[in-house]
K.L.:
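One structure follows; several queries about it will come next.
By convention in this document, chain letters (A, B, ...) are assigned in the order of the sequence lines, proteins followed by strands, and residues within each chain are numbered from 1.
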2 protein chains.
Amino acid sequence: MSIEQRDRILACACDLYLADGLDGFSMRKLARSLGVTAPALYRHYGSKERVLLDVVGEGYRHLVQYLHGALQGRTPEDRFRMAGERFLDFALEHPRYYEVLFMGVDLVRLEGHEEVADQGCALNQFWSDRLREAMGAGLLELRDPEASGVTLWAHSHGLISLYLKGMLPMSDEEFRKLYRDSNARVLTGLGTRHYADRLAEERAESTPGMGSTTEAVG
Amino acid sequence: MSIEQRDRILACACDLYLADGLDGFSMRKLARSLGVTAPALYRHYGSKERVLLDVVGEGYRHLVQYLHGALQGRTPEDRFRMAGERFLDFALEHPRYYEVLFMGVDLVRLEGHEEVADQGCALNQFWSDRLREAMGAGLLELRDPEASGVTLWAHSHGLISLYLKGMLPMSDEEFRKLYRDSNARVLTGLGTRHYADRLAEERAESTPGMGSTTEAVG
DNA sequence: GTCTATAATCCGATAGAC
DNA sequence: GTCTATCGGATTATAGAC
């Protein structure tokens with residue numbers, strides 16, 4: 001019954017974290033909600049951070065579920081747009097999970113965090129796939145899909161984290177519009193054609209013989 | 001001598017925070033480093049978070065100093081580019097301050113956080129000014145400078161926070177290059193001309209009579 | 001007014017009996 | 001596997017000496 005107990009603990013841990021947040025999360029409270037004493041938990045989890053690491057795992061499961069919905073789109077453009085929207089939906093509907101996934105405590109320094117790192121890579125891969133598709137459909141310029149994915153991911157995450165921290169004071173509805181508009185700006189570019197051309201030249205000079213388009217052709 | 005004492009505490013608090021980070025920051029340690037006991041601190045600061053709020057203020061002072069350096073640039077383009085670079089410099093040279101400013105604990109829910117909110121607005125204003133300049137110099141398309149500023153700010157912050165959290169595993173040197181390249185992508189745009197035009201059309205439809213260029217002309 | 005001493009209450013984690 | 005007991009440490013509040 002060891003595994004069952006672990007699952008029961010994890011379920012309660014998720015509830016507790018979602019209800020009381022990171023500050024209100026303690027092993028003693030968790031034990032109380034399970035009807036046992038704190039030391040009993042250490043038979044199943046080595047530390048509090050180990051528990052939170054599994055909570056992160058649950059958060060990823062939810063996020064993947066959201067993003068998976070974007071694959072229902074019929075065209076690459078649908079899937080590309082929906083991916084961005086579903087990511088926003090996840091952040092606004094599960095802000096606590098979003099925080100523990102992307103803004104929370106450093107779980108990275110914990111051994112056994114490879115699972116989290118893998119999930120991060122999987123996420124990067126997901127964006128990369130959507131971009132590759134969109135490039136194939138003629139929506140995006142042919143460039144390194146991973147690099148472009150990082151740009152889009154960073155922009156979306158930056159917006160969301162600033163909003164969740166209250167640094168962009170507005171309503172959810174207003175933020176949804178801002179998110180959409182800002183993503184459109186990233187796609188169309190902020191610079192003038194003249195300036196963009198000059199940046200491209202500088203780029204070509206800094207990496208001679210490695211045109212940015214050639215590497216994504218294969 | 002009440003104010004002097006407060007300053008002494010704040011100076012030690014900054015040192016302690018920069019040395020031991022957020023986890024290692026405690027009122028006891030702070031009191032020890034000052035040669036007093038913990039309860040004495042509560043004569044000058046109502047809570048630990050109040051102390052951290054002042055530390056945040058110090059962080060802002062440093063950031064403003066960095067950004068102020070960008071104003072030394074002679075042309076709008078210089079100032080525009082240097083602003084982005086100085087922001088990166090600050091993040092990499094003072095990651096602890098960057099964390100407490102943009103990724104740290106929620107100080108927003110604290111009363112007396114207006115100062116922080118004001119500083120956030122001032123930061124937004126700074127970006128807005130740089131963009132306005134760059135638009136005037138023909139570098140950026142004429143659009144709402146505040147909205148474009150949020151886009152650029154969010155992208156830079158997203159990149160930096162992902163890197164500082166270890167989700168973009170690479171060296172500082174590599175990250176500097178990624179930061180530069182990704183910013184260039186935001187300026188040139190990720191979408192094809194065809195897709196960008198279509199997005200502009202959708203935009204015009206969703207806000208009829210309010211062309212995105214006209215509002216920034218005045 | 002300023003500081004010390006003490007204590008209450010919480011936390012994470014461990015040892016050892018059952 | 002679970003309990004009791006306990007350690008070491010944290011925040012916070014109160015009482016009282018100087």
Side-chain angles (χ1 to χ4, degrees), chain A residues 1-57 96 99-100 104-113 116, chain B residues 1-56 96 99-100 104-113:
Chain A
M1 290 228 196
S2 175
I3 294 178
E4 272 186 26
Q5 286 284 39
R6 222 182 127 102
D7 287 350
R8 233 167 55 87
I9 294 174
L10 176 56
C12 268
C14 289
D15 291 344
L16 177 61
Y17 167 72
L18 290 178
D20 294 4
L22 205 57
D23 291 346
F25 184 87
S26 77
M27 295 296 269
R28 292 173 124 99
K29 267 202 231 177
L30 178 56
R32 233 173 356 243
S33 73
L34 282 161
V36 297
T37 57
L41 298 177
Y42 288 87
R43 283 283 148 195
H44 307 275
Y45 277 99
S47 73
K48 173 187 176 183
E49 283 189 321
R50 286 301 185 124
V51 182
L52 282 175
L53 204 63
D54 272 14
V55 174
V56 167
R96 287 255 155 87
E99 281 174 23
V100 84
V105 197
D106 290 354
L107 283 330
V108 183
R109 55 191 172 77
L110 208 55
E111 79 263 29
H113 75 282
V116 171
Chain B
M1 291 227 195
S2 176
I3 293 178
E4 271 186 25
Q5 284 284 34
R6 220 181 130 102
D7 287 351
R8 237 167 54 86
I9 293 174
L10 176 56
C12 267
C14 288
D15 290 345
L16 177 60
Y17 167 73
L18 290 178
D20 294 6
L22 205 57
D23 292 347
F25 184 88
S26 77
M27 294 297 265
R28 282 194 134 115
K29 269 201 229 175
L30 178 55
R32 248 193 317 265
S33 73
L34 282 160
V36 298
T37 57
L41 299 178
Y42 290 86
R43 287 268 152 216
H44 307 273
Y45 278 101
S47 71
K48 173 185 174 183
E49 284 189 324
R50 287 297 190 127
V51 182
L52 283 176
L53 203 64
D54 273 13
V55 174
V56 167
R96 287 254 154 88
E99 282 175 22
V100 85
V105 196
D106 291 352
L107 285 328
V108 183
R109 55 189 171 75
L110 209 54
E111 78 265 27
H113 74 282

K.L.:
Rounded to the nearest Å, what distance is computed from the CG atom of residue B:Leu52 to the P atom of nucleotide D:dA10?
P.N.:
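Spelled out: CG on B:Leu52 to P on D:dA10 is 15 Å.
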
K.L.:
Could you check whether A:Tyr45 gets within reach of a base, just the sugar-phosphate, or nothing at all, counting any heavy atom under 4.0 Å?
P.N.:
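The residue A:Tyr45 makes no contact with any strand.
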
K.L.:
Let's test your reading of the model: under 3.5 Å, does the base of D:dG9 pair with the side chain of B:Arg28 as donor and acceptor?
P.N.:
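For B:Arg28, whose side chain was compared with the base of D:dG9, there is no donor-acceptor pair (under 3.5 Å).
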
K.L.:
Given C:dT2, is OP1 or OP2 found less than 4.0 Å from the side-chain N or O atoms of B:His44?
P.N.:
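Answer no for this pair, as no side-chain N or O of B:His44 is under 4.0 Å from OP1 or OP2.
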
K.L.:
Could you check whether any side-chain heavy atom of A:Leu30 comes within less than 4.5 Å of a side-chain heavy atom of A:Lys48, counting everything from C-beta outward?
P.N.:
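A side-chain contact under 4.5 Å is absent here.
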
K.L.:
Roughly, in whole Å, what's the span from CG in B:Leu30 to C1' in D:dG9?
P.N.:
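Nearest whole value for this atom pair: 16 Å.
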
K.L.:
Can you tell me how far P of C:dT2 sits from CD1 of B:Ile9, to the nearest Å?
P.N.:
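It is 11 Å, rounded to the nearest whole Å.
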
K.L.:
Considering all heavy atoms of both residues, which atom of A:Ser26 and which atom of A:Leu16 are nearest to each other, and what is their separation?
P.N.:
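Looks like O-CD2, 3.8 Å.
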
K.L.:
Return the value, rounded to whole Å, for the distance between atom CG of A:Asp23 and atom P of C:dC10.
P.N.:
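For the pair A:Asp23 CG and C:dC10 P, the rounded distance is 16 Å.
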
K.L.:
Can you measure A:Arg50 atom CZ to C:dA13 atom P for me and round it to whole angstrom units?
P.N.:
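In whole Å, C:dA13 P lies 11 Å from A:Arg50 CZ.
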
K.L.:
Taking NZ from B:Lys29 and C1' from D:dG8, how many angstroms apart are they, rounded to a whole number?
P.N.:
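Result: 14 Å.
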
K.L.:
Measuring from atom CG of B:Leu41 to atom CZ of B:Arg50, what distance do you get when rounded to the nearest 0.5 angstrom?
P.N.:
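Here the rounded value is 15.0 Å.
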
K.L.:
Is A:Ser26 touching bases, backbone alone, or none of the nucleic acid, heavy atoms closer than 4.0 Å?
P.N.:
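Contact class for A:Ser26: sugar-phosphate only.
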
K.L.:
Please report, rounded to the nearest Å, how far the C1' atom of D:dT2 is from the CD atom of A:Gln5.
P.N.:
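It works out to 10 Å between those atoms.
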
K.L.:
If you round to the nearest 0.5 Å, how far is CZ of A:Arg28 from OG1 of A:Thr37?
P.N.:
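One finds 10.0 Å between OG1 of A:Thr37 and CZ of A:Arg28.
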
K.L.:
Which is true for B:Ala40 with a 4.0 Å heavy-atom rule: it touches a base, it touches only sugar-phosphate, or it touches nothing?
P.N.:
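B:Ala40: base contact, heavy atoms under 4.0 Å.
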
K.L.:
How close or far is atom P of C:dG12 from atom CZ of A:Arg43, stated in whole angstroms?
P.N.:
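Atom CZ in A:Arg43 sits about 18 Å away from atom P in C:dG12.
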
K.L.:
How do A:Phe25 and B:Val36 order along DNA chain C: which one's closest nucleotide is nearer the 5' end?
P.N.:
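The residue mapped nearer the 5' terminus is B:Val36.
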
K.L.:
Is it the case that the side chain of A:Arg96 and the backbone of A:Leu18 share a donor-acceptor pair, with hydrogens and angles ignored and the cut-off at 3.5 Å?
P.N.:
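It does hold such a pair.
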
